Amino acid sequence: MQGQTRKYLVVEPESLPSRPDVLFFFHGSLQSGNVLRRFTNNTFDALAERTGTIVVYPNGVDHHFNDCRGTLLTKTRELGIDDVAFTREMLTRLKDEYGVGRTFACGYSNGGQMVLRLLIDAPGLLNGACIFASTFGAGSNHAPSNPDSAYEPTPVLLMHGTADPLAPYEGGVAGVDASQTRGEVLSAPETAARLAKWNGAEGPVEERVYADIVKQCWTGDFSVELWTMEGIGHVIPSGNELDARLGKNTTSFQAADVVERFFGL
């Protein structure tokens, strides 16, 4: 596509239903599908096996996806890569091969921003979305191709650490430093509240589910959940040790278990 050879990794469960659900999982900056599998301690591969879900790990161009932020100083933005079209093409091929049921997407960091792009630029494509360590861009940094009015109500799960050093929970400038900025972003609660408003969901109702985890729920036909991980960094809780530069992880739960429950896999 667009002069690029695009690749994606498919994890197929041993016992495959007649119309399996598909879960796309978009990696973060400088990662790949295989790196994301290791980053999550293969917990989403295990989810595939126990639920009969096909888990797909797309690879970005130059290890990035062309997400919905206005500021993205990467090769994929320079080349104008159409990752929405790439996602549609992957899904078409999967439908031809497997006769797919529902379609879900998870994304981490830059991949989370890619899922936010899909929600607006491919309205109705997803039956549910999960966003790790990402929030909407603020002001002009919110730059999907479609207007927000194109969004179609979709259940959304968000997980974000309050000590995230790269994607600030409270909003502000995202990125490694001033020379590698990803622009201004909204806070995690603002992002969740905006999605809940678009979904017509009511709330939030707050509950402390673990010592370091607070869950906020907006309920309705299309629910939204925000899992606030207190003192936790730029991570996906998966029961493994990660680079200390990303911040502290939590052992209170594994993200794959929450995703399984939220999507009803």
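Residue numbers run from 1 in the order of the sequence given. If you're wondering where the values come from, they're calculated on a predicted model, not measured in any experiment.
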May I ask whether [X] and [Y] are part of the same hydrophobic cluster, defined by side-chain heavy atoms of I, L, V, M, F, W, Y residues being less than 4.5 angstrom apart, directly or through others?
X	Y	answer
Leu30	Leu79	no
Leu226	Val185	no
Leu125	Val115	yes
Val235	Leu47	yes
Val214	Val258	no

Exceeds 12 heavy-atom contacts within 6.0 angstrom, atom [atom1] of [X]:
X	atom1	answer
Lys248	NZ	no
Asp221	CG	no
Arg208	CZ	yes

**Prompt:** Where is the tightest heavy-atom contact between Val259 and Cys130, given as atom of each residue plus distance?
**Reply:**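 Looking at all heavy atoms of both residues, the shortest contact is CG2-SG, 3.8 Å.
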
**Prompt:** What are the two closest heavy atoms between Val224 and Leu195, and how far apart are they?
**Reply:**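 Shortest heavy-atom separation between Val224 and Leu195 comes out as CG2-C, 4.0 Å.
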
Evaluate the side-chain proximity of [Y] to [X]: yes if any heavy-atom separation is below 4.5 Å, no if none is.
X	Y	answer
Val56	Val22	yes
His160	Thr191	no
Phe253	Met229	yes
Val84	Leu118	yes
Glu12	Tyr98	yes
Ile120	Phe136	yes
Thr135	Glu190	no
Ile54	Glu97	no

Working to the nearest 0.5 angstrom, can you tell me the gap between [X] [atom1] and [Y] [atom2]?
X	Y	atom1	atom2	value
Ser238	Asp257	OG	CG	9.5 Å
Ile236	Leu242	CD1	CG	8.5 Å
Leu72	Asp67	CG	CG	4.5 Å
Leu119	Met114	CG	CE	10.0 Å
Ile213	Thr228	CD1	OG1	8.5 Å

**Request:** State which residue, out of Phe132, Tyr57, Phe65, fulfils the ring-ring contact (aromatic ring centres under 6.0 Å, His included) condition with His27.
**Result:**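 Between His27 and the candidates, ring-ring contact (aromatic ring centres under 6.0 Å, His included) is satisfied uniquely by Phe65.
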
**Asked** Per the ring-ring contact (aromatic ring centres under 6.0 Å, His included) rule, which among Phe104, Tyr8, Phe44, Phe39 passes with Phe25?
**Response**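 It is Phe44, the one option of Phe104, Tyr8, Phe44, Phe39 that forms the ring-ring contact (aromatic ring centres under 6.0 Å, His included) with Phe25.
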
**Asked** Applying the side-chain hydrogen bond (donor to acceptor under 3.5 Å, both in side chains) test to Tyr151, which of Asn199, Asp121, Asn146 qualifies?
**Response**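 Exactly one pass, corresponding to Asn199.
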
**Prompt:** Is the side chain of Ser223 donor-acceptor paired with the backbone N or O of Gly220 at a distance under 3.5 Å, no angle test?
**Reply:**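 No; judged by distance alone, with no hydrogens or angles, the pair does not exist.
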
**Request:** Considering only NZ, NE, NH1 and NH2 on the basic side and carboxylate oxygens on the acidic side, decide whether Arg6 and Glu89 come within less than 4.0 Å.
**Result:**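 No salt bridge links Arg6 with Glu89.
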
**Asked** Can a cation-pi geometry be assigned to Arg102 and Phe263, taking NZ or CZ under 6.0 Å from the six-membered ring centre and within 45° of the ring axis?
**Response**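 No.
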
